[in-house]
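Okay, so here's the structure we're looking at.
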2 protein chains.
Amino acid sequence: MAKDPAPALQRRTLTLRDVSDASGVSEMTVSRVLRNRGDVSGPTRERVLAAARALGYVPNRIAGALASQRVNLVAVIIPSLSNMVFPEVLTGVSEVLEDTGLQPVVGVTNYSPEREEKVLYEMLSWRPSGIIIAGLERSPAARAMLENAGIPIVEIMDVDGTPVDSAVGISHRRAGRKMAEAIVQAGYRRIGFLGTMMPHDHRARKRLEGFEAALAAQGLQVEDREFYSGGSALLKGREMTEAIMTRSPDLDFLYHSNDMIGAGGLLWCLNHGIDVPGKVGLAGFNGVELVQGLPCRLATMDACRLEIGRRAAEIVAGKRPDGATSGVVIELEPKLEPGDTIRRI
Amino acid sequence: MAKDPAPALQRRTLTLRDVSDASGVSEMTVSRVLRNRGDVSGPTRERVLAAARALGYVPNRIAGALASQRVNLVAVIIPSLSNMVFPEVLTGVSEVLEDTGLQPVVGVTNYSPEREEKVLYEMLSWRPSGIIIAGLERSPAARAMLENAGIPIVEIMDVDGTPVDSAVGISHRRAGRKMAEAIVQAGYRRIGFLGTMMPHDHRARKRLEGFEAALAAQGLQVEDREFYSGGSALLKGREMTEAIMTRSPDLDFLYHSNDMIGAGGLLWCLNHGIDVPGKVGLAGFNGVELVQGLPCRLATMDACRLEIGRRAAEIVAGKRPDGATSGVVIELEPKLEPGDTIRRI
DNA sequence: TTCCCGGCCGTTACCGCTAACATGCCATGG
DNA sequence: CCATGGCATGTTAGCGGTAACGGCCGGGAA
């Protein structure tokens, strides 16, 4: 922003008044210049900008927001930052918000409904002009807060449920189903499942539900399953795969609830000389970049993370072609990427 | 928070006034109750809380912050969210801030000085009560903003330089040096380097500088090098390793600027039946969880990310034993984890 | 010339909340 | 008995901006 190093020894933080004094115009005029709003003559504008820069003035948005009843913040509430999927959603959001004057503010819930409630409350207390929040399942209190917020709400990642307002995501039930169908189609019959032990990861649960439903439709079922929580997902993937394959050596497919444990499973199989995808097939979920670097490409399903972030941001920013900022529901289509770990028929 | 779903059909957002009307006391008393400050009788407190809950009132922090001149926000400014290292720093920060009433707000710069300047300006305009910011290198304007902010500033990750105020981190030069010494000690002599092409990743640069300096002290040098930018780091690690080993087949050690490309390199070596660590040794940097899941543990150096986050937060929160909130410099000691990819002597 | 209009800038009244002070009440002690 | 003091509550005056409106001035239209 400014290019001059501001003067040393500042007693208190600067206000519009300081800039107006320094440039000989009213505070209102300074405000107009700094916001680029209303008519100000060229020379005046220059004088004001010079003064502001020289002083190192940084506007006080708190005061500005209170007076104008407008806040350029969009709350983005997500369960976690550590699993590669949400950072990509954020990238999409930032991209779209970039030139709107709006700014994303991130809150993390750690998959805890209590924390979600707290984070939401905290966010709302700053009166953001929109909310993007992961998932459709939440406590009654959280739902009430969203309903009464009076701002655009976009629930993301998932469309299997009833949104408060708008929603952008994929159907995880359908994703699970699709994967099951592809697996059965490829001739696998004795299928194992490996996943996380997170009661609040509703999307993983829905994928499994869809997966099992599709198997059932073919007269099949999940033969064995293995769960974990915490720790290095890659390592857990190895360990769980070892465990399940020892216990049920006749499994011919391992469906993992995410790519990271899937990668671990793949590494274990390759290490043990198991023929992939001949003897055992593998699949994960999310389509993270990582899988491209593995010795052979893990089958996965792209969760459309970037696109979800973009579309959600477009809604809150009023950037949709139809201008709608509420009641929009967008279901994206996850793409199956068979990679090298499902037999080609 | 509240447990009742708030009443439907809210015309405008609620204010203290609405709660005070509903509970028959003054706004000031409501304010006292909601902030748990000052004396309020038990019954009054109950009535007020009940009314607030029933209405679904959410305080307006904007007004509160303006009136009290206090903001419970701590700005955390980092280069990226997508490489596993900063989320862990954030975890440490959140942990410590948890019970202080302070709240972290994240800004991402994408390793761009211009964006850093913008993000910082934006953050400062909300008058946070502290700043935690990655790195020591920044534009004069950014430095000036920090110097004039009048709040605790903690620069994190790195201590090789002059902090504006406080700093918590490791010496990346020393980290590079230490790794070089361990490698030479183990008998490796023809050493290659693989890294990112990011002119603004000063910490990676410093590690390389330290690394080369230590080699030079032993009469050695980096024999070949390979750089990348963008894409899946794991895949790039494989590709770069293939490239460098094809070009310089006599290299006996590959030092990677981060664990992700190191993991890619390791997978490539294992895939090509190269004896690790006998014929070729490998090392990365960061100590990310991921490396534990690889077929053999990549040598790495823990960057103390969690601890850095914690210590930084303690400073801005005034939680240090000595209560200092400025001028604190903490150098943490990165630990070499030799794993299985450096010969044991 | 008069009138009107648009460019430019200032004045006033808040935005919703809290610090600081004022007030009323009751129990207590001299 | 009244002064004293602590509790519980109310009143007042901003915090630092901005919306809305008003005033002044110069120039083109009537």
Side-chain angles (χ1 to χ4, degrees), chain A residues 10-49 51-52 55-73 101 122 124-129 150, chain B residues 10-49 51-52 55-73 101 122 124-129 150:
Chain A
Q10 222 157 259
R11 54 190 112 263
R12 51 185 186 69
T13 73
L14 299 161
T15 73
L16 266 192
R17 182 53 174 276
D18 296 293
V19 182
S20 89
D21 284 351
S23 52
V25 296
S26 72
E27 300 174 38
M28 195 57 225
T29 299
V30 176
S31 170
R32 279 195 268 254
V33 170
L34 296 177
R35 286 178 303 144
N36 244 319
R37 207 164 298 261
D39 303 310
V40 181
S41 71
T44 306
R45 172 179 307 276
E46 294 310 318
R47 269 218 322 286
V48 169
L49 285 176
L55 292 170
Y57 173 71
V58 177
N60 184 332
R61 296 247 172 175
I62 297 181
L66 183 61
S68 67
Q69 303 283 61
R70 259 178 287 119
V71 181
N72 70 335
L73 265 27
E122 208 67 31
L124 284 176
S125 75
W126 288 100
R127 302 288 187 266
S129 55
Chain B
Q10 225 157 257
R11 53 188 111 266
R12 51 184 186 68
T13 74
L14 299 161
T15 72
L16 268 193
R17 183 51 175 277
D18 297 292
V19 182
S20 87
D21 283 351
S23 53
V25 296
S26 72
E27 299 175 40
M28 195 59 224
T29 299
V30 176
S31 169
R32 279 193 270 252
V33 170
L34 296 177
R35 285 178 303 144
N36 245 319
R37 209 165 299 260
D39 303 311
V40 180
S41 72
T44 306
R45 172 179 307 277
E46 293 311 319
R47 269 216 324 286
V48 170
L49 285 175
L55 292 170
Y57 173 72
V58 177
N60 185 332
R61 296 251 167 162
I62 297 181
L66 183 60
S68 67
Q69 303 281 63
R70 258 179 287 117
V71 180
N72 70 335
L73 266 27
E122 208 66 31
L124 285 175
S125 75
W126 287 101
R127 302 290 188 263
S129 56

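Residue numbering restarts at 1 for every chain, and letters A, B, ... go by the order of the sequence lines.
OP1 or OP2 of C:dT18 lies within a sub-4.0 Å distance of a side-chain N or O belonging to B:S31. Dashed line: the shortest gap from a side-chain N or O of B:Y57 to OP1 or OP2 of C:dC17 is under 4.0 Å. Phosphate contact (OP1/OP2 of C:dG16, side-chain N/O of A:Q69, threshold under 4.0 Å): present. A:S68 has no side-chain polar atom (N or O) that falls below the 4.0 Å cut-off from OP1 or OP2 of C:dC15.
Of the possible donor and acceptor atoms, one in the side chain of A:S129 sits under 3.5 Å from a partner among the backbone N and O of A:V71. No side-chain donor-acceptor contact under 3.5 Å links A:R61 to the backbone of B:W126.
Separating the CG atom of A:L16 from the P atom of C:dC9 is a distance of 16 Å, rounded to the nearest angstrom. A straight line from CZ of B:R47 to C1' of D:dA8 spans 12 Å, rounded to a whole angstrom. Counting to the nearest Å, the P atom of D:dG14 and the CD atom of B:E27 are 18 Å from each other. Straight-line distance from the CZ atom of B:R37 to the P atom of D:dC7: 18 Å, rounded to whole Å. Residue A:L66 contributes atom CG, which lies 13 Å from atom C1' of D:dA19 at whole-angstrom precision. Between the CZ atom of A:R17 and the C1' atom of C:dG10 there is a distance of 13 Å, rounded to whole Å. A:I62 places its CD1 atom 15 Å from the C1' atom of D:dT18, with the value rounded to the nearest Å. Distance A:D39 CG to C:dC9 P: 9 Å, rounded to the nearest Å.
In this structure, the nucleotide among D:dG16, D:dG10, C:dG10 sitting nearest to the side chain of A:T15 is D:dG16. You'll find that the side chain of B:R32 is closest to C:dA20, out of C:dC8, D:dC15, C:dA20. Distances from the side chain of B:R70 to the nucleotides C:dA19, D:dG16, D:dC21 place C:dA19 closest. Here the nucleotide nearest the side chain of A:T29, chosen from D:dT9, C:dC9, C:dG16, is C:dC9. Listed nucleotides: D:dC21, D:dT9, C:dA19. Nearest to the side chain of B:R35: C:dA19. Side chain of A:A63, nearest nucleotide from D:dG10, C:dC9, D:dG16: D:dG16.
Remark: of the listed residues B:T13, B:D18, B:L34, B:L34 is the sole one forming a side-chain contact (heavy atoms from CB on, under 4.5 Å) with B:Y57.
Two residues are said to be in side-chain contact when any heavy atoms from C-beta on lie closer than 4.5 Å; B:V19 and B:L14 fail this criterion.
The 5' end of DNA chain D is approached more closely, in terms of each residue's nearest nucleotide, by B:V25 than by the other of B:R127 and B:V25. The 5' end of DNA chain C is approached more closely, in terms of each residue's nearest nucleotide, by A:G42 than by the other of A:G42 and A:M28.
When heavy atoms are screened at a 4.0 angstrom cut-off, B:N60 is found touching the sugar-phosphate backbone but no base atom.
Residue B:A22 comes nearest to B:L55 through the heavy atom pair CB-CD1, 4.0 Å, listed as atom of the first residue, atom of the second, then distance.
Enclosure of atom CZ in B:R35 by more than 12 non-hydrogen atoms of other residues, nucleotides or ligands within 6.0 angstrom is indicated.
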